[in-house]
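Note that ligands are numbered from 1 as they come in the structure, with each ligand's atoms numbered from 1 the same way. Just so you know, residue 1 is the first one in the sequence shown, and it goes up from there.
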Amino acid sequence: MIDRRAFLAAPVALAACGSGEAAVVPIERPVPSLKSIAPFPIGAACMTGQLSDRVWSNLVSEHFSQLTADWEMKMEYILQRDGSFRFDAPDRIAAFARDQNLRLFGHTLIWYAQSHPWFEALTGDRARFAAEYDRYIATVAGRWRGQVVGWDVVNEAVSEDGQGLRDCVWSQGLGGIDAYILRAFEQAKLAAPEAVLFLNDYNLENNPVKGATYLRLVERLLKAGAPITGLGTQSHLDIDIPAGQITVFMRELAQFGLPIHVSELDASLRDDGRLPDLRPRRQRIERQTARVAELAEAFMALPRAQQFAFTTWGVRDIDSWLRRGDKDDGQDSPLLFDAKGGANPMFHAAANAFAP
Ligand code: XIL
């Protein structure tokens with residue numbers, strides 16, 4: 001059993017880094033097994049390319065108890081242009097999870113961002129669109145029935161600014177926003193009746209307007225009889241949001257009494273691209289660890305029955321989607337572990353919150 005006081009007393013070091021700024025790094029702090037100290041599953045997003053990476057698999061074995069496919073269980077991977085399906089990659093992830101005694105979480109069945117030519121060609125034929133929609137959900141959600149513990153049935157239904165809901169190929173094909181969401185949950189329940197069925201979205205803590213719209217959508221869908229049995233908050237945290245905002249939203253989310261999944265935690269240190277972030281890295285890390293601590297503590301404060309899982313969107317900084325593409329500055333440290341598998345300050349923030 002780890003000693004919570006040990007963390008608080010543990011010294012930190014100021015180490016020089018490339019830019020000449022002092023970075024705050026913990027020295028010789030005990031690194032407990034996160035899944036051993038947390039009273040709920042600890043998840044991580046993964047890709048098949050990571051499964052054979054020894055550093056990655058050792059960290060997963062030590063700290064995690066659940067996996068989510070980063071993208072290889074999505075429609076963009078599974079559904080082919082001719083309407084056929086390919087499952088090689090998600091099956092490998094499912095087999096790895098089974099062999100390593102890890103829970104498997106399904107992400108995601110229906111997402112506005114994953115329009116697909118197969119469906120775009122059917123938007124004028126509602127009956128065929130609906131038949132193919134049902135077939136896709138039945139086939140995918142049914143494939144790992146009994147292994148997948150939960151599904152993000154519908155992802156990101158609320159508009160970017162939080163002022164409304166997204167119109168998308170699914171609402172166009174099925175005659176309305178509530179129509180596509182209700183149908184997705186009904187079909188998912190038929191295909192995977194044992195799985196917890198989630199409505200998942202992002203920026204719910206960062207943007208209170210969006211959080212409120214999401215909560216109103218949940219309330220309306222539940223009243224309409226949607227079999228939503230879990231609520232997912234992605235938690236791609238903005239490290240500069242006011243203290244307390246995360247706590248307030250988590251309490252509001254808990255009001256439905258449903259299991260809650262922190263489904264995609266990361267906390268970028270990068271500026272938002274509008275203005276260069278001139279703050280010392282140490283100051284950004286302090287804000288990052290404060291927000292992660294607040295999220296972890298708010299999750300810990302939930303009743304155990306509502307603590308579905310606490311998932312990070314990757315294991316090491318180099319595994320993060322934020323470290324890919326042209327926006328990557330090579331410096332971001334949005335996850336629990338560094339490239340070598342060392343614990344980042346946000347690991348200790350979470351571990352402190354989870355420690356009994
Ligand atoms: C991202 C993946 O990490 C990328 O690899 C992929 O190219 C795009 O999608 N919210 C979600 C996730 O629900 O599915 C997204 O994952 C990140 C934002």
Side-chain angles (χ1 to χ4, degrees), residues 43-51 53 56 60 64 66-79 89-90 92-93 104-116 136-137 140-141 148 150-162 165-166 168-170 180-181 184 188 196-207 210-211 213-214 217-218 228 230-238 253 260-268 270 272-273 295 308-328 332-337:
C46 71
M47 295 184 274
T48 48
Q50 292 153 349
L51 303 181
D53 177 323
W56 183 89
V60 168
F64 296 89
Q66 179 177 290
L67 291 180
T68 301
D70 170 287
W71 73 284
E72 290 161 306
M73 211 176 263
K74 290 172 180 172
M75 187 178 283
E76 65 178 320
Y77 184 89
I78 291 173
L79 184 59
R92 279 189 57 207
I93 292 173
L104 181 65
F105 185 81
H107 177 80
T108 179
L109 292 172
I110 298 298
W111 186 19
Y112 85 93
Q114 301 249 311
S115 178
H116 192 288
Y136 179 82
I137 294 172
V140 176
V148 168
W151 272 102
D152 283 333
V153 176
V154 171
N155 196 34
E156 304 184 357
V158 180
S159 62
E160 175 66 28
D161 64 5
L165 303 178
R166 298 180 192 273
C168 57
V169 66
W170 314 117
Y180 92 82
I181 300 175
V196 182
L197 303 180
F198 287 83
L199 182 70
N200 191 48
D201 220 317
Y202 70 97
N203 275 356
L204 303 180
E205 305 93 346
N206 299 341
N207 176 355
K210 186 166 186 179
T213 302
Y214 172 88
L217 175 61
V218 170
I228 299 172
L231 302 177
T233 178
Q234 293 181 15
S235 302
H236 297 290
L237 293 184
D238 174 348
L253 195 58
I260 290 170
H261 188 194
V262 168
S263 55
E264 305 182 17
L265 170 61
D266 50 35
S268 177
R270 212 167 49 209
D272 58 15
L295 179 73
F308 177 79
F310 191 93
T311 293
T312 57
W313 204 242
V315 175
R316 302 162 298 183
D317 296 332
I318 54 172
D319 302 319
S320 172
W321 68 309
L322 300 171
R323 291 290 298 271
R324 293 178 223 142
D326 56 2
K327 292 195 295 184
D328 178 26
D332 205 358
S333 179
L335 292 171
L336 298 177
F337 299 97

Would you please indicate yes or no on a ring centroid separation below 6.0 angstrom for Tyr202 and His236?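 Ring centres of Tyr202 and His236 not closer than 6.0 Å.
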
Amino acids contacting ligand 1, non-hydrogen cut-off under 4.0 Å: Asp70, Lys74, His107, Trp111, Asn155, Glu156, Gln234, His236, Glu264, Trp313, Trp321, Arg324

Report the C-alpha separation of Arg324 and Asp70 in whole Å, then their side-chain angles, then the decisive distance to 0.1 Å, and conclude whether the salt bridge (charged side-chain N to carboxylate O under 4.0 Å, His left out) test is met. CA-CA 13 Å; Arg324 293 178 223 142; Asp70 170 287; 3.6 Å; yes

Set of side chain to side chain contact (heavy atoms under 4.5 Å, CB included) partners for Asp328, sequence neighbours left out: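 Asp328: side chain to side chain contact (heavy atoms under 4.5 Å, CB included) contacts with Arg323.
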
For His261 and Thr233, test the side chains for any donor-to-acceptor distance below 3.5 angstrom and give the result as yes or no.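 Thr233 and His261 do not have a side-chain donor-acceptor pair below 3.5 Å.
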
Who are the side chain to side chain donor-acceptor pair (under 3.5 Å) partners of Trp321, not counting sequence neighbours? Asp266

Please list every donor-acceptor pair under 3.5 Å in which a side-chain atom of residues 104-113 meets a protein atom from a residue at least two apart or in another chain.
unit_1 : atom_1 : unit_2 : atom_2 : d
His107 : ND1    : Asp152 : OD2    : 2.7
Thr108 : OG1    : Asp152 : O      : 2.6
Trp111 : NE1    : Glu156 : OE1    : 2.8

